[in-house]
Amino acid sequence: MKKIKEVPFFNYPYLFESREEDFVEIFKDVGRRGAYILQKDLTKFESDLAKYCNAKYAIGVANGTDAIWLALEAAGIGEGDEVILSSHTYIATAGAVAFVKAKPIPVECKEDWMIDPLAVEAAITSKTKAILPTQLNGRCCDMDALRAIAKKHDLIIIEDAAQALGAKYKGEFAGTMGLAGTISFYPAKTLGSFGDAGAILTNDKELYDKMRFARDHGRNDEGEFIMWGYNSRMDNFQAAILNYKLAYYDDEVKRRREIASIYHKELSELHQIKLPQNPNANVDYFDVYQNYEIMAEKREELREFLKENGIGTLIQWGGQAVHSLSKLGFHNISLPFTENFFKSCFMIPLNTSLTNEDVLYVCEKIKEFYK
Ligand SMILES: *Cc1c(COP(=O)(O)O)cnc(C)c1O
(Lines give C-alpha, C1' and ligand atoms only; values in the text may rest on other atoms or scores of the structure.)
Protein backbone atom coordinates (compact mmCIF):
# COMPACT_ATOMS: atom_id res chain seq x y z
CA MET A 1 0.00 0.00 0.00
CA LYS A 2 1.19 3.48 -0.85
CA LYS A 3 2.23 5.27 2.27
CA ILE A 4 0.10 8.37 2.71
CA LYS A 5 1.02 11.50 4.54
CA GLU A 6 -0.35 11.72 8.08
CA VAL A 7 -1.71 15.00 9.46
CA PRO A 8 -3.36 14.11 12.77
CA PHE A 9 -5.98 16.50 14.08
CA PHE A 10 -3.83 17.12 17.15
CA ASN A 11 -0.36 15.80 17.90
CA TYR A 12 -0.27 15.12 21.66
CA PRO A 13 3.29 13.71 21.85
CA TYR A 14 4.58 16.83 20.04
CA LEU A 15 3.52 18.86 23.06
CA PHE A 16 6.30 17.16 25.03
CA GLU A 17 8.75 16.39 22.23
CA SER A 18 8.86 20.00 21.00
CA ARG A 19 11.10 21.00 23.92
CA GLU A 20 11.63 17.71 25.72
CA GLU A 21 15.01 18.51 27.28
CA ASP A 22 13.80 21.73 28.85
CA PHE A 23 10.65 20.08 30.16
CA VAL A 24 12.69 17.32 31.79
CA GLU A 25 14.88 19.98 33.46
CA ILE A 26 11.76 21.71 34.82
CA PHE A 27 10.47 18.40 36.17
CA LYS A 28 13.80 17.75 37.90
CA ASP A 29 13.89 21.24 39.35
CA VAL A 30 10.37 21.05 40.76
CA GLY A 31 10.94 17.53 42.07
CA ARG A 32 14.27 18.32 43.71
CA ARG A 33 12.70 21.29 45.47
CA GLY A 34 9.74 19.14 46.51
CA ALA A 35 7.58 22.03 45.32
CA TYR A 36 4.22 20.51 44.46
CA ILE A 37 1.39 22.61 45.85
CA LEU A 38 0.98 26.41 46.06
CA GLN A 39 4.66 27.15 45.52
CA LYS A 40 6.56 30.02 43.93
CA ASP A 41 6.14 28.64 40.40
CA LEU A 42 2.37 29.07 40.71
CA THR A 43 2.69 32.54 42.24
CA LYS A 44 4.99 33.54 39.40
CA PHE A 45 2.70 32.09 36.75
CA GLU A 46 -0.27 33.94 38.25
CA SER A 47 1.52 37.26 38.18
CA ASP A 48 2.98 36.69 34.69
CA LEU A 49 -0.37 35.61 33.31
CA ALA A 50 -2.13 38.64 34.78
CA LYS A 51 0.56 40.87 33.29
CA TYR A 52 0.32 39.14 29.91
CA CYS A 53 -3.45 39.71 29.75
CA ASN A 54 -3.29 43.18 31.21
CA ALA A 55 -5.45 42.05 34.14
CA LYS A 56 -4.96 43.00 37.78
CA TYR A 57 -5.22 39.44 39.10
CA ALA A 58 -4.95 35.83 37.96
CA ILE A 59 -5.65 32.70 40.00
CA GLY A 60 -4.40 29.25 38.99
CA VAL A 61 -7.02 26.56 39.47
CA ALA A 62 -7.37 22.84 38.73
CA ASN A 63 -9.00 23.20 35.29
CA GLY A 64 -10.98 25.52 33.05
CA THR A 65 -14.33 24.17 34.20
CA ASP A 66 -13.67 24.79 37.88
CA ALA A 67 -12.55 28.28 36.87
CA ILE A 68 -16.04 29.04 35.52
CA TRP A 69 -18.04 27.83 38.50
CA LEU A 70 -15.64 29.36 41.01
CA ALA A 71 -16.15 32.71 39.24
CA LEU A 72 -19.94 32.29 39.06
CA GLU A 73 -20.15 31.32 42.72
CA ALA A 74 -17.93 34.18 43.89
CA ALA A 75 -20.09 36.56 41.83
CA GLY A 76 -23.10 35.39 43.81
CA ILE A 77 -24.84 33.42 41.06
CA GLY A 78 -26.95 30.64 42.54
CA GLU A 79 -30.30 28.94 42.90
CA GLY A 80 -33.12 30.53 40.92
CA ASP A 81 -30.80 32.61 38.73
CA GLU A 82 -30.57 32.33 34.95
CA VAL A 83 -27.33 32.62 33.01
CA ILE A 84 -27.36 33.18 29.25
CA LEU A 85 -24.77 31.41 27.10
CA SER A 86 -24.29 30.35 23.50
CA SER A 87 -25.62 26.93 22.56
CA HIS A 88 -22.41 26.57 20.55
CA THR A 89 -20.15 26.02 23.53
CA TYR A 90 -18.68 23.13 25.47
CA ILE A 91 -20.88 21.40 28.04
CA ALA A 92 -18.45 22.76 30.66
CA THR A 93 -19.88 26.27 30.23
CA ALA A 94 -23.43 25.14 30.93
CA GLY A 95 -22.27 22.55 33.47
CA ALA A 96 -20.58 25.23 35.58
CA VAL A 97 -23.88 27.13 35.72
CA ALA A 98 -25.75 23.99 36.75
CA PHE A 99 -23.09 23.28 39.38
CA VAL A 100 -23.88 26.52 41.23
CA LYS A 101 -27.58 25.53 40.97
CA ALA A 102 -28.47 28.26 38.48
CA LYS A 103 -30.15 27.64 35.13
CA PRO A 104 -28.17 27.76 31.87
CA ILE A 105 -30.12 29.42 29.03
CA PRO A 106 -28.61 28.50 25.65
CA VAL A 107 -29.16 30.96 22.78
CA GLU A 108 -28.23 31.37 19.10
CA CYS A 109 -24.89 32.28 17.66
CA LYS A 110 -24.59 34.68 14.73
CA GLU A 111 -22.87 34.44 11.36
CA ASP A 112 -19.35 34.47 12.85
CA TRP A 113 -20.55 31.63 15.18
CA MET A 114 -20.12 33.76 18.30
CA ILE A 115 -23.05 34.42 20.65
CA ASP A 116 -25.68 36.66 19.06
CA PRO A 117 -26.27 39.80 21.19
CA LEU A 118 -29.83 40.11 19.83
CA ALA A 119 -30.59 36.56 21.01
CA VAL A 120 -29.07 37.39 24.39
CA GLU A 121 -31.30 40.41 24.85
CA ALA A 122 -34.38 38.45 23.77
CA ALA A 123 -33.66 35.75 26.38
CA ILE A 124 -33.47 38.12 29.36
CA THR A 125 -36.09 37.54 32.09
CA SER A 126 -36.50 38.85 35.62
CA LYS A 127 -34.33 35.90 36.76
CA THR A 128 -31.38 36.64 34.47
CA LYS A 129 -28.26 37.50 36.46
CA ALA A 130 -25.38 36.99 34.09
CA ILE A 131 -24.18 36.60 30.51
CA LEU A 132 -21.52 33.93 30.03
CA PRO A 133 -20.16 34.42 26.50
CA THR A 134 -17.73 31.86 25.12
CA GLN A 135 -14.75 33.40 23.32
CA LEU A 136 -14.93 30.59 20.83
CA ASN A 137 -12.16 29.17 18.65
CA GLY A 138 -9.78 31.87 19.87
CA ARG A 139 -12.00 34.78 18.88
CA CYS A 140 -13.85 37.30 21.02
CA CYS A 141 -17.59 37.96 20.90
CA ASP A 142 -19.04 41.37 20.06
CA MET A 143 -18.22 42.65 23.54
CA ASP A 144 -19.43 46.24 23.00
CA ALA A 145 -22.91 44.93 22.27
CA LEU A 146 -22.83 42.48 25.18
CA ARG A 147 -21.58 45.11 27.61
CA ALA A 148 -24.27 47.54 26.50
CA ILE A 149 -26.94 44.88 27.15
CA ALA A 150 -25.40 43.96 30.51
CA LYS A 151 -25.36 47.58 31.55
CA LYS A 152 -28.92 48.23 30.45
CA HIS A 153 -30.28 45.19 32.30
CA ASP A 154 -27.92 45.29 35.28
CA LEU A 155 -26.28 41.92 34.51
CA ILE A 156 -22.77 40.75 35.12
CA ILE A 157 -20.55 39.27 32.40
CA ILE A 158 -18.25 36.35 33.04
CA GLU A 159 -16.26 35.30 29.98
CA ASP A 160 -15.56 31.67 29.18
CA ALA A 161 -12.23 32.42 27.54
CA ALA A 162 -11.04 28.79 27.81
CA GLN A 163 -10.17 28.88 24.10
CA ALA A 164 -8.96 32.44 23.81
CA LEU A 165 -5.83 33.23 25.81
CA GLY A 166 -4.24 36.25 24.11
CA ALA A 167 -7.20 36.99 21.83
CA LYS A 168 -8.21 40.65 21.80
CA TYR A 169 -11.25 42.75 21.09
CA LYS A 170 -10.48 46.40 20.35
CA GLY A 171 -7.20 45.97 22.19
CA GLU A 172 -8.67 44.36 25.32
CA PHE A 173 -7.72 40.81 26.21
CA ALA A 174 -10.18 37.94 26.29
CA GLY A 175 -11.00 37.20 29.92
CA THR A 176 -10.63 40.80 31.06
CA MET A 177 -13.77 42.38 29.63
CA GLY A 178 -16.27 41.32 32.29
CA LEU A 179 -16.29 40.84 36.05
CA ALA A 180 -14.12 37.74 35.57
CA GLY A 181 -12.83 35.57 32.75
CA THR A 182 -11.66 31.99 32.71
CA ILE A 183 -8.89 30.18 30.82
CA SER A 184 -8.18 26.50 30.24
CA PHE A 185 -4.74 24.93 29.86
CA TYR A 186 -6.05 21.54 28.76
CA PRO A 187 -3.25 20.00 26.64
CA ALA A 188 -4.92 20.76 23.29
CA LYS A 189 -5.63 24.38 24.17
CA THR A 190 -3.45 27.15 22.71
CA LEU A 191 -1.35 27.15 25.89
CA GLY A 192 -1.43 23.50 26.93
CA SER A 193 -0.13 21.96 30.14
CA PHE A 194 0.70 18.28 30.69
CA GLY A 195 -2.67 17.54 32.20
CA ASP A 196 -5.50 19.63 33.58
CA ALA A 197 -5.08 23.25 34.63
CA GLY A 198 -7.07 26.48 34.44
CA ALA A 199 -7.07 30.10 35.55
CA ILE A 200 -9.41 32.94 36.42
CA LEU A 201 -8.70 36.58 35.54
CA THR A 202 -10.31 39.54 37.26
CA ASN A 203 -9.73 43.20 38.10
CA ASP A 204 -11.96 43.03 41.18
CA LYS A 205 -10.03 42.66 44.44
CA GLU A 206 -12.95 41.37 46.47
CA LEU A 207 -13.83 38.73 43.89
CA TYR A 208 -10.16 37.83 43.59
CA ASP A 209 -9.87 37.12 47.30
CA LYS A 210 -13.08 35.09 47.38
CA MET A 211 -11.99 32.95 44.45
CA ARG A 212 -8.46 32.31 45.63
CA PHE A 213 -9.62 31.43 49.14
CA ALA A 214 -12.36 29.20 47.68
CA ARG A 215 -9.90 27.21 45.59
CA ASP A 216 -7.85 26.40 48.73
CA HIS A 217 -10.44 25.19 51.27
CA GLY A 218 -11.59 28.70 52.15
CA ARG A 219 -8.24 29.53 53.72
CA ASN A 220 -7.02 33.14 53.85
CA ASP A 221 -3.42 34.41 53.75
CA GLU A 222 -3.08 33.96 57.51
CA GLY A 223 -4.07 30.29 57.21
CA GLU A 224 -7.44 30.86 58.84
CA PHE A 225 -10.52 29.12 57.42
CA ILE A 226 -12.92 31.98 56.81
CA MET A 227 -15.42 30.38 54.39
CA TRP A 228 -16.40 26.99 52.98
CA GLY A 229 -14.10 26.18 50.12
CA TYR A 230 -12.85 23.46 47.79
CA ASN A 231 -9.61 21.98 46.64
CA SER A 232 -9.10 23.35 43.14
CA ARG A 233 -5.49 24.46 43.09
CA MET A 234 -3.38 24.40 39.95
CA ASP A 235 -0.55 21.88 40.42
CA ASN A 236 2.74 23.64 40.89
CA PHE A 237 4.40 21.40 38.29
CA GLN A 238 1.86 22.48 35.67
CA ALA A 239 2.46 26.09 36.70
CA ALA A 240 6.21 25.66 36.19
CA ILE A 241 5.62 24.23 32.71
CA LEU A 242 3.13 26.98 31.85
CA ASN A 243 5.53 29.66 33.09
CA TYR A 244 8.13 28.39 30.69
CA LYS A 245 5.67 28.15 27.79
CA LEU A 246 4.08 31.56 28.38
CA ALA A 247 7.43 33.17 27.54
CA TYR A 248 7.17 32.03 23.89
CA TYR A 249 3.38 32.03 23.63
CA ASP A 250 3.33 35.07 21.33
CA ASP A 251 5.39 33.13 18.78
CA GLU A 252 2.89 30.29 18.94
CA VAL A 253 -0.01 32.68 18.36
CA LYS A 254 1.86 34.19 15.44
CA ARG A 255 2.30 30.73 13.94
CA ARG A 256 -1.40 29.89 14.45
CA ARG A 257 -2.36 33.09 12.65
CA GLU A 258 0.06 32.26 9.82
CA ILE A 259 -1.59 28.86 9.36
CA ALA A 260 -5.03 30.50 9.36
CA SER A 261 -3.79 32.88 6.66
CA ILE A 262 -2.64 29.97 4.51
CA TYR A 263 -6.01 28.26 4.89
CA HIS A 264 -7.71 31.48 3.96
CA LYS A 265 -5.53 32.09 0.94
CA GLU A 266 -5.90 28.55 -0.36
CA LEU A 267 -9.54 27.83 0.45
CA SER A 268 -11.52 31.06 0.36
CA GLU A 269 -12.37 30.58 -3.33
CA LEU A 270 -14.25 27.35 -2.69
CA HIS A 271 -17.97 28.15 -2.58
CA GLN A 272 -18.76 24.80 -0.94
CA ILE A 273 -17.14 25.78 2.34
CA LYS A 274 -17.38 28.73 4.70
CA LEU A 275 -14.24 29.71 6.57
CA PRO A 276 -13.65 31.65 9.80
CA GLN A 277 -12.48 35.25 9.57
CA ASN A 278 -9.15 35.86 7.92
CA PRO A 279 -6.66 37.02 10.63
CA ASN A 280 -6.40 40.50 9.16
CA ALA A 281 -10.04 40.97 8.15
CA ASN A 282 -11.08 43.28 10.96
CA VAL A 283 -8.73 45.32 13.13
CA ASP A 284 -11.16 45.13 16.06
CA TYR A 285 -10.53 41.41 16.42
CA PHE A 286 -7.22 39.73 17.18
CA ASP A 287 -7.94 36.00 16.90
CA VAL A 288 -5.60 33.29 18.24
CA TYR A 289 -7.17 30.37 16.31
CA GLN A 290 -7.61 27.78 19.02
CA ASN A 291 -9.52 25.91 16.30
CA TYR A 292 -10.14 26.30 12.61
CA GLU A 293 -13.80 25.50 12.35
CA ILE A 294 -15.45 25.53 8.93
CA MET A 295 -18.84 24.78 7.41
CA ALA A 296 -18.78 22.39 4.46
CA GLU A 297 -21.18 20.92 1.96
CA LYS A 298 -21.19 17.11 2.03
CA ARG A 299 -19.44 17.22 5.38
CA GLU A 300 -19.44 13.49 6.07
CA GLU A 301 -18.09 12.58 2.63
CA LEU A 302 -15.41 15.25 2.90
CA ARG A 303 -14.32 14.07 6.37
CA GLU A 304 -14.18 10.50 5.10
CA PHE A 305 -12.11 11.56 2.09
CA LEU A 306 -9.70 13.48 4.31
CA LYS A 307 -9.44 10.51 6.67
CA GLU A 308 -8.57 8.21 3.76
CA ASN A 309 -5.80 10.67 2.98
CA GLY A 310 -4.40 10.61 6.51
CA ILE A 311 -5.93 13.91 7.66
CA GLY A 312 -7.60 14.07 11.07
CA THR A 313 -10.69 16.23 11.59
CA LEU A 314 -13.07 16.73 14.50
CA ILE A 315 -16.60 17.97 15.07
CA GLN A 316 -16.59 20.23 18.08
CA TRP A 317 -18.44 18.92 21.19
CA GLY A 318 -19.15 15.69 19.27
CA GLY A 319 -21.68 17.72 17.29
CA GLN A 320 -23.92 18.34 20.30
CA ALA A 321 -25.17 21.89 20.78
CA VAL A 322 -26.08 22.56 24.41
CA HIS A 323 -29.78 23.15 23.74
CA SER A 324 -30.08 19.71 22.12
CA LEU A 325 -29.09 17.84 25.29
CA SER A 326 -32.53 16.63 26.38
CA LYS A 327 -31.10 14.26 29.00
CA LEU A 328 -29.76 17.34 30.79
CA GLY A 329 -33.17 18.99 30.83
CA PHE A 330 -33.12 21.08 27.65
CA HIS A 331 -36.51 20.56 26.01
CA ASN A 332 -38.36 22.20 23.14
CA ILE A 333 -35.75 24.82 22.43
CA SER A 334 -35.53 25.73 18.78
CA LEU A 335 -32.35 27.48 17.62
CA PRO A 336 -32.48 27.13 13.81
CA PHE A 337 -29.27 29.00 13.01
CA THR A 338 -27.24 26.88 15.43
CA GLU A 339 -28.94 23.66 14.33
CA ASN A 340 -28.18 24.42 10.71
CA PHE A 341 -24.58 25.22 11.60
CA PHE A 342 -24.16 21.89 13.38
CA LYS A 343 -25.25 20.03 10.25
CA SER A 344 -22.18 21.16 8.35
CA CYS A 345 -19.49 22.29 10.80
CA PHE A 346 -16.20 20.57 11.56
CA MET A 347 -12.61 21.47 12.31
CA ILE A 348 -9.49 20.93 10.23
CA PRO A 349 -6.06 20.70 11.91
CA LEU A 350 -4.59 23.93 13.25
CA ASN A 351 -1.79 23.66 15.77
CA THR A 352 1.88 24.51 16.06
CA SER A 353 3.11 21.03 15.18
CA LEU A 354 2.05 21.59 11.56
CA THR A 355 4.51 22.52 8.84
CA ASN A 356 3.47 24.67 5.88
CA GLU A 357 3.69 21.51 3.84
CA ASP A 358 1.12 19.81 6.12
CA VAL A 359 -1.23 22.77 5.83
CA LEU A 360 -0.92 22.91 2.06
CA TYR A 361 -1.54 19.17 1.87
CA VAL A 362 -4.82 19.60 3.78
CA CYS A 363 -5.81 22.41 1.38
CA GLU A 364 -4.88 20.35 -1.66
CA LYS A 365 -7.04 17.43 -0.51
CA ILE A 366 -10.05 19.64 0.24
CA LYS A 367 -9.76 21.19 -3.24
CA GLU A 368 -9.38 17.76 -4.77
CA PHE A 369 -12.59 16.59 -3.05
CA TYR A 370 -14.68 19.38 -4.53
CA LYS A 371 -13.15 19.21 -8.00
C1 LIG B 1 -11.84 23.47 27.15
C2 LIG B 1 -13.05 24.26 27.45
C3 LIG B 1 -13.59 24.35 28.75
C4 LIG B 1 -13.14 23.50 29.89
O5 LIG B 1 -11.84 23.53 30.23
P6 LIG B 1 -11.19 22.31 31.03
O7 LIG B 1 -9.85 22.83 31.40
O8 LIG B 1 -11.13 21.14 30.10
O9 LIG B 1 -12.04 22.04 32.22
C10 LIG B 1 -14.64 25.22 28.96
N11 LIG B 1 -15.18 25.93 27.96
C12 LIG B 1 -14.72 25.84 26.70
C13 LIG B 1 -15.34 26.69 25.65
C14 LIG B 1 -13.66 25.00 26.40
O15 LIG B 1 -13.23 24.91 25.14
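Ligands are counted one by one from 1 in listed order, and the atoms in each one are counted from 1 as well. Note that the structure is a prediction, hence the values are computed from the model and not measured.
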ask   = Below 3.5 angstrom, do we get any N/O pair linking Ser184 and ligand 1?
value =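 N/O-N/O distance below 3.5 Å exists for this pair.
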
Quick one: sort the [X] and [Y] rings into parallel, tilted or perpendicular, breaks at 30° and 60°.
X: Trp69; Y: Phe99; answer: tilted
X: Phe369; Y: Phe305; answer: tilted
X: Phe23; Y: Phe16; answer: parallel

Just which atoms of ligand 1 are under 4.0 Å from any heavy atom in [X]?
X: Ala162; value: 2 (C), 3 (C), 10 (C), 11 (N), 12 (C), 14 (C)
X: Gly64; value: 5 (O), 6 (P), 7 (O), 9 (O)
X: Thr134; value: 13 (C)
X: Ala92; value: 4 (C), 10 (C)

query = Can you find a non-hydrogen atom of Asp196 under 4.0 Å from ligand 1?
reply =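 Checking ligand 1 against Asp196, which is what was asked, there is no heavy-atom contact under 4.0 Å.
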
Give the residue, atom name and distance (to 0.1 Å) of the protein heavy atom nearest [atom].
atom: atom 9 (O) of ligand 1; result: Thr65 OG1, 2.5 Å
atom: atom 15 (O) of ligand 1; result: Gln163 NE2, 2.9 Å
atom: atom 11 (N) of ligand 1; result: Asp160 OD2, 2.7 Å
atom: atom 1 (C) of ligand 1; result: Lys189 NZ, 1.5 Å

query = Is it the case that Arg19 places NZ or CZ above or below the six-membered ring of Tyr248, under 6.0 angstrom from the centre and within 45 degrees of the axis?
reply =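 Relative to the ring axis of Tyr248, which defines the angle, Arg19 lies inside both limits.
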
request  = Check each heavy atom of Asn63 against ligand 1 and say whether those closer than 4.0 Å belong to the side chain, the backbone, both or neither.
outcome  =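 Asn63 to ligand 1: contacts from backbone and side chain alike.
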
ask   = With a 4.5 Å heavy-atom cut-off, do His217 and Asn231 have their side chains touching?
value =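 A side-chain contact under 4.5 Å exists here.
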
ask   = Stepwise, does the side chain to side chain donor-acceptor pair (under 3.5 Å) test hold for Tyr230 with Asp66?
value = CA-CA 10 Å; Tyr230 314 88; Asp66 282 12; over 6 Å; no

Ser324 (side chain) donor-acceptor with Gln320 (main chain) under 3.5 angstrom =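 Not a single qualifying donor-acceptor pair exists.
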
query = Hey, is CD on Glu308 packed in by over 12 heavy atoms from elsewhere, all under 6.0 Å?
reply =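 Correct, the count exceeds 12.
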
